[in-house]
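All ligand and atom numbering here is 1-based and tracks the order in the structure. All heavy atoms count here, side chains included; hydrogens, waters and symmetry mates do not. Numbers for residues simply follow the sequence, beginning at 1.
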Amino acid sequence: MIELSPQDFVFVLTGAGISAESGIPTFRDEGGLWRDYRFEDVSSPAAWQRDPQLVWEFYSMRRRVAAAAKPNPAHLALASLEKRLGDRLYLCTQNVDNLHEQAGSIRVVHMHGELFKSRCDTCEESPFNDTRTYEVPAAELPCCHCGGRIRPHVCWFGEAPFCMDEIFQALGTCTVFIAIGTSGVVEPAASFVAHVHRRAHTRTIYIGPEPPANAPAFTRSYQGTAADLLPNLFSPA
Ligand code: APR
């Protein structure tokens with residue numbers, strides 16, 4: 001079990017693995033999205049300039065899959081941990097699905113954006129909730145009143161992730177860092193553990209079925225699936 005004291009400040013980073021048991025494919029595992037798609041074609045600013053229709057087909061497929069998914073016991077365990085720890089828990093996810101929120105988590109930092117939001121690719125209008133799918137010819141894709149194109153509010157390869165200032169602030173003060181279901185190959189998230197590991201009196205914990213690429217930076221790992229391990233992992237209050 002993971003013992004947490006009243007002085008502990010916990011930073012949790014989740015990746016695609018936490019949603020795998022909810023039916024949302026990961027990216028790099030067997031059957032992962034990047035086995036069927038080239039991210040250069042569907043998840044980069046260049047892809048958007050080149051073929052926005054293909055990009056929207058990709059995100060429309062992902063919206064359909066995520067819309068059918070339900071939170072699993074791992075999401076629920078983190079929502080109850082938030083109730084217990086209050087603002088001594090910082091939940092940062094690389095995932096763009098809304099399963100943490102569906103499970104009841106209130107403060108979820110989506111560093112890679114949110115699948116069910118869209119925004120204009122030109123003006124500064126705020127992102128808006130959007131569950132629609134767009135599988136139409138390019139000429140019929142949605143546009144903003146400013147004339148710009150409406151794009152998914154997701155961080156593409158080569159773009160800067162969101163909320164990085166507050167994320168680094170939380171990394172700088174947490175006493176326990178827990179990564180769940182992430183392969184540790186995509187920056188900047190892959191380096192978060194190192195930021196914590198080099199500070200004294202911190203614990204860095206990985207939870208997942210196989211060691212991530214950044215395994216040496218973790219002081220402890222729990223091998224197994226998130227839905228199996230999370231519900232009974234935290235010592236009772
Ligand atoms: N429970 C826990 N972990 C799991 C489970 C499970 N049921 N199933 C798979 N995993 C683990 C795998 O072992 C793997 O290490 O989840 C990890 C998934 O890794 P990736 O597919 O690389 O996903 P992630 O690390 O979240 O990707 C990071 O890359 O493609 C971009 O922007 C995208 O946010 C994403 C980022």
Side-chain angles (χ1 to χ4, degrees), residues 2 11-48 55 58-59 61-63 65-66 69-78 91-100 103 108-117 151-164 167 177-194 204-218 220-233:
I2 299 175
F11 187 115
V12 172
L13 174 71
T14 63
I18 198 170
S19 295
E21 292 157 284
S22 295
I24 300 183
T26 66
F27 295 93
R28 296 170 184 81
D29 294 316
E30 202 60 40
L33 286 172
W34 299 148
R35 300 286 178 105
D36 300 335
Y37 296 88
R38 285 170 14 101
F39 69 79
E40 300 90 330
D41 298 339
V42 294
S43 189
S44 70
W48 180 244
V55 172
F58 175 68
Y59 284 98
M61 173 275 292
R62 294 186 64 188
R63 281 186 174 174
V65 171
K70 292 283 173 253
N72 65 55
H75 298 102
L76 297 168
L78 290 177
L91 177 54
C92 174
T93 186
Q94 297 169 87
N95 300 344
V96 295
D97 63 56
N98 61 4
L99 296 182
H100 283 302
V108 185
V109 176
H110 285 271
M111 67 179 291
H112 290 163
E114 298 176 68
L115 187 56
F116 295 114
K117 288 189 177 173
R151 58 164 282 176
H153 180 55
V154 168
C155 177
W156 288 329
F157 285 87
E159 294 186 321
F162 304 106
C163 309
M164 290 309 294
I167 288 173
F177 176 89
I178 304 172
I180 305 166
T182 180
S183 57
V185 297
V186 174
E187 297 294 351
S191 298
F192 288 175
V193 61
T204 52
I205 298 165
Y206 183 72
I207 300 163
E210 59 203 351
N214 52 3
F218 290 95
R220 180 80 200 265
S221 67
Y222 294 83
Q223 196 150 357
T225 73
D228 279 352
L229 292 176
L230 262 287
N232 308 308
L233 202 54

Relative to each other, are the rings of Trp156 and Trp48 parallel, tilted or perpendicular (30° and 60° limits)? tilted

Under 6.0 Å from the six-membered ring centre of Tyr59 and within 45° of its axis: does the NZ or CZ of Arg63 meet both? no

Per the under 4.0 Å non-hydrogen criterion, ligand 1 touches Gly15, Ala16, Gly17, Ala20, Glu21, Thr26, Phe27, Arg28, Asp29, Trp34, Gln94, His112, Phe157, Gly181, Thr182, Ser183, Val186, Tyr206, Gly208, Pro209, Glu210, Thr225, Ala226

Taking the inter-plane angle between the rings of His100 and His75 on a 0 to 90° scale, is it parallel (under 30°), tilted (30 to 60°) or perpendicular (over 60°)? perpendicular

Leu115 side chain near Asn98 side chain, heavy-atom distance below 4.5 Å: no

Residues Leu13 and Thr182: closest non-hydrogen pair is CD2-CG2, 4.4 Å

dist Phe218:CZ -> Ile207:CD1 (nearest 0.5 Å) comes out at 9.5 Å

